[in-house]
S.K.: 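Sharing a structure with you now.
Residue numbers run from 1 in the order of the sequence given.
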Amino acid sequence: KSVKIWDVIIAGGGIIGLSLALELRQRGAEVLVLDRGEPGREASSAAAGMLAAADPATPVELRRFANESARLYPGFVRRLEDLSGSTVDFRQQGTVVLLETPEAPSGHTKLSADELRRLEPALEPGRQFAFFLQENSVDPDLLSRAAVNAARRAGVEIRSHSAVQRMNSQNGAVEVLTEAERVVSRVAVNCLGAWAGAPVRPKKGQMCYLRPQNAGLIRCVVRAPDLYLVPRSSGKILVGATVEDAGFDKSVEPETVNKLHGDAVALVPELSIAPMVESWAGLRPGTPDDLPIMGETETPGIMISSGHFRNGILLAPAAAKIMADLIMGQSPEIDISAFSPARFASVRG
């Protein structure tokens, strides 16, 4: 019996893998997504959802990519919502950035005490300086669910509980092995996030949801030097987040999330009476230089798109276009040579 040869097999059903699958499908490719658990339920759904393209912490090499992806986001959201029939809580109220210094970074507008009070009356910045930034946010849990449904409705095949164990390239095809089956494609893409293999390493982030009595307590995202608050349209406020080297440990430490709650109260005193309704940890895919790993590996037909660290949600639409261009043999509009897997080839030895 003849074996079906897929155009592309994607290992990993997080937002990076799902948005690539959707992009490829819309270009006519036959796509199979294999996920080790339930698609969209790992780091993608555990993220905060700030689309922080102008974050001063973003490495210089990543800025053009981040800005382009932020520009694509409204259309990306529309497509996911239309295809899936669900909402992703895309919010465009902007961000209040609190900094220790009075100099405004590029794109930031300094707020006077009166302007801040009018914008966010519940926020008490203490000695920090406040700036406004036109930035959006999304609910990553809803986004991930919508992406799974959108991809399926577009004709992408997604298989849950299919952990990819090996990819072999031979005679112009790629053989992908899971515990249960062997599947074959022309191209395979490693979108396994924190599980992508060396040099990608998991970076743990713990966060929690508070539910204030006043559902509109804050409207903007608030970003302080070591804390952020992300309001949802449901009235909940996400508080995050830590960056820890803890391997694949996803346990939530009560003292850590209690400190997050306390730090949130210091900025928004009314949160002192807001119950914590949920807490969790996600594993972000980190790399030694904090830049993604994207492009062809040394093995013909096998590509990688991982290591997006804290920006996987933001970078998904542009990463999908870039990787789809590479797979289809076209030149991407954005130079991704800084993200080449070859830069770590000597590390892997």
Side-chain angles (χ1 to χ4, degrees), residues 8-21 33-37 39-44 46-47 57-62 65 161-170 174-179 182-183 185 187-206 241-251 281-316 319-320 322-323 326-327 336-349:
V8 184
I9 293 173
I10 295 172
I15 196 64
I16 294 288
L18 292 168
S19 40
L20 174 58
V33 175
L34 301 172
D35 194 83
R36 52 188 282 282
R41 306 316 305 149
E42 276 293 348
S44 296
T58 301
V60 173
E61 300 89 336
L62 207 54
F65 181 12
H161 305 288
S162 295
V164 171
Q165 297 181 320
R166 256 201 349 272
M167 296 181 187
N168 306 316
S169 169
Q170 49 193 29
V174 180
E175 172 188 68
V176 179
L177 300 167
T178 70
E179 256 179 19
R182 167 185 170 272
V183 279
S185 62
V187 176
V189 190
N190 174 348
C191 294
L192 289 167
W195 288 263
V200 178
R201 296 283 314 258
K203 300 280 187 183
K204 178 178 175 178
Q206 299 184 58
T242 59
V243 180
E244 305 161 55
D245 284 309
F248 289 94
D249 164 35
K250 286 200 299 180
S251 59
L283 301 176
R284 313 178 191 89
T287 62
D289 58 6
D290 290 341
L291 294 175
I293 302 177
M294 294 172 67
E296 298 185 49
T297 67
E298 58 265 37
T299 311
I302 298 178
M303 304 181 102
I304 184 168
S305 183
S306 179
H308 299 91
F309 191 32
R310 304 183 79 156
N311 289 306
I313 300 288
L314 166 65
L315 297 175
I322 289 167
M323 292 303 297
L326 290 176
I327 289 164
I336 58 161
S337 52
F339 313 145
S340 165
R343 73 189 192 274
F344 295 119
S346 58
V347 177
R348 289 201 293 275

S.K.: Hey, could you give me the CD1/SG distance between Ile15 and Cys191, rounded to the nearest 0.5 Å?
M.R.: 11.5 Å
S.K.: Between Glu244 and Lys203, does any side-chain N to carboxylate O distance fall below 4.0 Å?
M.R.: no
S.K.: Heavy atoms only: give me the nearest Ala196-Ile304 pair and the separation to one decimal.
M.R.: CB-CD1, 4.4 Å
S.K.: Output the distance between atom CG (Leu34) and atom CD1 (Ile9), rounded to the nearest 0.5 Å.
M.R.: 6.0 Å
S.K.: Do side-chain atoms of Ser44 reach the backbone of Gly14 as a donor and acceptor pair under 3.5 angstrom?
M.R.: no
S.K.: Check Ala43 against Leu283 and note the closest heavy-atom contact, atom names and distance.
M.R.: CB-O, 3.1 Å
S.K.: Got a sec, which pairs hit side chain to side chain donor-acceptor pair (under 3.5 Å) with one end in residues 285-295, sequence neighbours left out?
M.R.: Thr287-Asp289, Asp289-Arg343
S.K.: Under a 4.0 Å threshold between the charged nitrogen and the carboxylate oxygen, would Lys204 count as salt-bridged to Asp249?
M.R.: yes
S.K.: I'd like to check Met167 versus Glu175 (side-chain heavy atoms, cut-off strictly below 4.5 Å). Are they in contact?
M.R.: no
S.K.: Who are the side chain to side chain donor-acceptor pair (under 3.5 Å) partners of Thr58, not counting sequence neighbours?
M.R.: none
S.K.: Using the side chain to side chain contact (heavy atoms under 4.5 Å, CB included) rule, take Leu291 and Phe309 through it: C-alpha gap first, then chi angles, then the decisive distance, then the call.
M.R.: CA-CA 8 Å; Leu291 294 175; Phe309 191 32; over 6 Å; no
S.K.: Please check this pair: side chain of Ser306 against backbone of Gly193, looking for a donor-acceptor N/O pair closer than 3.5 Å.
M.R.: yes
S.K.: Between CD1 of Ile293 and OG of Ser340, what distance do you get to the nearest 0.5 Å?
M.R.: 9.5 Å
S.K.: Indicate yes or no: at least one non-hydrogen side-chain atom of Val189 is less than 4.5 angstrom from one of Met323.
M.R.: yes
S.K.: If you measure from CG on Leu315 to CD1 on Ile322, what distance do you get to the nearest 0.5 Å?
M.R.: 8.5 Å
S.K.: If you count heavy atoms of other groups shown closer than 6.0 angstrom to CD of Glu296, is the number above 12?
M.R.: no
S.K.: For residues Ala46 and Ala281, report the shortest heavy-atom separation together with the two atoms involved.
M.R.: CB-O, 4.4 Å
S.K.: How about Val200 and Trp195: do any of their side-chain heavy atoms sit closer than 4.5 Å?
M.R.: no
S.K.: Under a 3.5 Å distance rule, please check whether Asp35 uses its side chain to pair with a backbone N or O of Gly12 as donor and acceptor.
M.R.: no
S.K.: For the residue pair Pro300 and Ser169, what are the closest heavy atoms and their distance?
M.R.: O-OG, 2.7 Å
S.K.: For the atom pair CD1 (Ile16) and CG (Asn190), what is the distance rounded to the nearest 0.5 Å?
M.R.: 12.0 Å
S.K.: Any non-hydrogen side-chain atom of Val243 less than 4.5 Å from a side-chain atom of Arg284?
M.R.: yes
S.K.: Check whether Thr178 reaches the backbone of Ser162 with its side chain - one donor and one acceptor, N or O, closer than 3.5 Å.
M.R.: no
S.K.: Taking the side chain as C-beta and beyond, is there a heavy-atom pair between Pro288 and Phe344 under 4.5 Å?
M.R.: yes
S.K.: Using every non-hydrogen atom in the two residues, find where Ala241 and Arg310 come nearest and quote the distance to one decimal.
M.R.: O-NH2, 4.3 Å
S.K.: Parallel, tilted or perpendicular: which describes the rings of Phe65 and His308, with under 30° parallel and over 60° perpendicular?
M.R.: perpendicular
S.K.: Between Val176 and Val174, is a side chain to side chain contact (heavy atoms under 4.5 Å, CB included) present by the stated rule, with each step listed?
M.R.: CA-CA 6 Å; Val176 179; Val174 180; 4.1 Å; yes
S.K.: Which value, rounded to the nearest 0.5 Å, describes the distance between Asn168 atom CG and Leu177 atom CG?
M.R.: 5.5 Å
S.K.: Do NZ/NE/NH1/NH2 and the carboxylate oxygens of Arg36 and Glu42 come within less than 4.0 Å?
M.R.: yes
S.K.: Looking at Ala188 and Ser185, what are the two nearest heavy atoms and their distance?
M.R.: N-OG, 4.0 Å
